[in-house]
Student: 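Quick one: structure below, then a few questions.
Chain letters run A, B, ... following the sequence lines, proteins first and then strands; every chain starts at 1.
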2 protein chains.
Amino acid sequence: MARESKIALDRPDMRAHVLKAALLAIEEVGFARLRIRDIADRAGMSTGHVLYYFGSRDRILVSTLLMSEADLDERRRAELAHLDAHAALDRLVELYLPKGPHDVRWRLWAQVIARPPEDEETLLRLDGFFRSWAAELAAIVRRLSDLGAEAAEDFAVRHCRLMDGLSNEVLLGIPGHDAAWAKKAVLASMRRELG
Amino acid sequence: MARESKIALDRPDMRAHVLKAALLAIEEVGFARLRIRDIADRAGMSTGHVLYYFGSRDRILVSTLLMSEADLDERRRAELAHLDAHAALDRLVELYLPKGPHDVRWRLWAQVIARPPEDEETLLRLDGFFRSWAAELAAIVRRLSDLGAEAAEDFAVRHCRLMDGLSNEVLLGIPGHDAAWAKKAVLASMRRELG
DNA sequence: ACAGAGTTAGAACCGTACTCAAAGTTTGAG
DNA sequence: CTCAAACTTTGAGTACGGTTCTAACTCTGT
């Protein structure tokens with residue numbers, strides 16, 4: 001609708017306010033029990049109002065993921081900029097992987113994959129985050145090895161997908177497969193290729 | 001409860017009947033709109049009855065995944081047994097990856113990852129399927145290369161997780177990232193390592 | 001035939017996503 | 001300053017689906 005885009009442009013601050021409330025709500029009540037009411041309460045408004053801005057529960061969650069991911073994107077850049085290549089690699093892996101089975105950012109990803117958005121624009125934004133992570137990783141790898149641009153890119157994409165797969169197991173809570181296990185596995189794979 | 005385990009033992013056929021109905025229902029009405037009613041209709045019973053056997057919607061879905069995965073496990077063994085190593089590798093990748101964004105088996109996985117089961121027994125069974133795929137892949141790889149048992153196992157696990165990650169993108173429906181793209185990416189990675 | 005356990009159906013219940021109409025607030029033109 | 005139009009906000013209302021409950025039914029063993 002025209003309404004939607006107008007609002008998005010006019011009141012980005014309001015949307016951000018709701019999305020922060022959503023993050024807080026997820027942390028506090030957990031994903032399984034999350035109601036729109038929980039978000040509305042924390043944002044200091046009514047459930048109808050939250051729906052007025054976002055249209056549906058799923059849209060709120062997708063938007064929350066987009067914000068959370070954009071946020072991390074910035075933090076990542078800022079933090080990795082002044083680390084040497086080895087430390088940067090280690091830190092990137094740490095930032096990428098879930099902290100545990102209840103990691104909010106990853107729970108959001110899981111949710112969105114289980115009920116994917118229909119509109120292409122959102123899908124492209126999600127893809128953008130995939131690419132951003134891969135690009136950052138590729139840059140670090142080039143500092144660590146004599147790989148060419150193409151090979152580094154390939155390495156980066158493969159390892160991002162590897163981390164996605166490992167994250168699934170962490171999210172499931174498979175016994176023994178926790179965050180530390182995942183990190184170790186990724187770094188081992190990277191080292192074995194980089195020599 | 002005692003009730004639950006008793007039923008599971010006494011009436012495995014009834015459970016299987018419902019689960020097959022669930023698969024059918026998912027195919028027909030899609031995941032987003034799936035109601036217990038849709039499953040009950042197809043199984044020729046009431047919603048109350050379905051819940052009597054499974055206790056909750058989530059349990060039905062987890063059980064459906066377990067059955068579907070066990071089924072594929074068998075089919076895979078049977079089919080790969082009489083293929084040469086190259087063909088077997090190709091076919092395993094094809095069987096593992098989603099056929100498209102609506103692949104029922106993978107939608108079930110996505111659902112289960114988004115709302116993981118609590119009980120350890122189920123988690124271990126899920127882990128069992130991970131291991132089974134990896135073992136099968138490792139065996140094929142050993143036929144194709146001179147890798148040792150340990151290296152082949154490592155190769156297999158890494159590539160299973162890689163396929164999981166690629167599957168996420170297929171499920172999301174990221175433009176350009178379809179089933180064929182995923183297959184190509186996996187095989188490229190495998191070839192590059194196996195030489 | 002009967003008791004009692006196990007099974008089945010479907011109505012009732014309850015919680016939650018979503019709608020809607022009306023009231024409140026801001027904005028900007030005259 | 002006034003007023004109307006657009007936008008915002010609310011909360012009650014609706015619809016719907018998961019879950020629970022109860023009462024009827026079936027089957028088995030005696």
Student: Please report, rounded to the nearest Å, how far the P atom of C/dG10 is from the CE atom of B/Met45.
Tutor: 12 Å

Student: Atom NE2 of B/His17 and atom P of C/dT7: how far apart are they, to the nearest Å?
Tutor: 16 Å

Student: Is there a continuous path of hydrophobic side-chain contacts, each under 4.5 Å between heavy atoms, that joins B/Tyr53 to B/Leu51?
Tutor: yes

Student: Would you say a side-chain N or O of A/Tyr52 is under 4.0 Å from OP1 or OP2 of C/dC20?
Tutor: no

Student: Using five base pairs at each end, measure the axis-to-axis angle across the helix from C/dA1-D/dT30 to C/dG30-D/dC1 and round it to 10 degrees.
Tutor: 10°

Student: Whole-Å distance between D/dG18 P and B/Arg115 CZ?
Tutor: 11 Å

Student: Rounded off to whole Å, could you give me the CG-to-P distance for the B/Leu51 and D/dT19 pair?
Tutor: 6 Å

Student: What residues form a side chain to side chain contact (heavy atoms under 4.5 Å, CB included) with B/Met67, not counting sequence neighbours?
Tutor: B/Leu19, B/Lys20, B/Leu23

Student: Can you list every pair that meets salt bridge (charged side-chain N to carboxylate O under 4.0 Å, His left out) and has a residue in residues 47-56 of chain B, with sequence neighbours left out?
Tutor: none

Student: So which nucleotide from D/dT10, C/dA9, C/dC18 ends up closest to the side chain of A/Ser56?
Tutor: C/dC18

Student: Can you check the A/Arg15 CZ to D/dT8 C1' distance for me, whole Å?
Tutor: 15 Å

Student: State which residues pass side-chain hydrogen bond (donor to acceptor under 3.5 Å, both in side chains) with A/Glu79; sequence neighbours excluded, sorted by chain then number.
Tutor: A/Arg91

Student: May I ask you to verify if any side-chain N or O of B/Tyr53 is less than 4.0 angstrom from the OP1 or OP2 atom of C/dT7?
Tutor: no

Student: What's the CG-C1' distance between B/Leu61 and D/dG17, to the nearest Å?
Tutor: 14 Å

Student: Short of 4.0 Å, heavy atom to strand atom, which residues of residues 25-44 of chain A count as contacting DNA chain C?
Tutor: A/Leu34, A/Arg35, A/Ile36

Student: Checking B/Val157 now: which residues fulfil side chain to side chain contact (heavy atoms under 4.5 Å, CB included) with it, not counting sequence neighbours?
Tutor: B/Ala134, B/Glu153, B/Arg161

Student: Which pairs, with at least one residue in residues 123-133 of chain A and sequence neighbours excluded, count as a salt bridge (charged side-chain N to carboxylate O under 4.0 Å, His left out)?
Tutor: A/Asp127-A/Arg131

Student: Does a side-chain N or O of A/Ser46 approach OP1 or OP2 of D/dT10 to a distance below 4.0 Å, or not?
Tutor: yes

Student: Using atom NE2 of A/His49 as one end and atom C1' of C/dG24 as the other, report the distance to the nearest whole Å.
Tutor: 12 Å

Student: With sequence neighbours left out, what residues match B/Ala182 under side chain to side chain contact (heavy atoms under 4.5 Å, CB included)?
Tutor: B/Leu97, B/Leu166, B/Val170

Student: Go through the structure and list residues passing side chain to side chain contact (heavy atoms under 4.5 Å, CB included) with B/Ala40, not counting sequence neighbours.
Tutor: B/Thr47, B/Val50

Student: Indicate yes or no: does A/Lys99 engage A/Glu94 in a salt bridge with an N to O separation below 4.0 Å.
Tutor: no

Student: Just how far, in rounded Å, is P of D/dC16 from CZ of B/Arg57?
Tutor: 16 Å

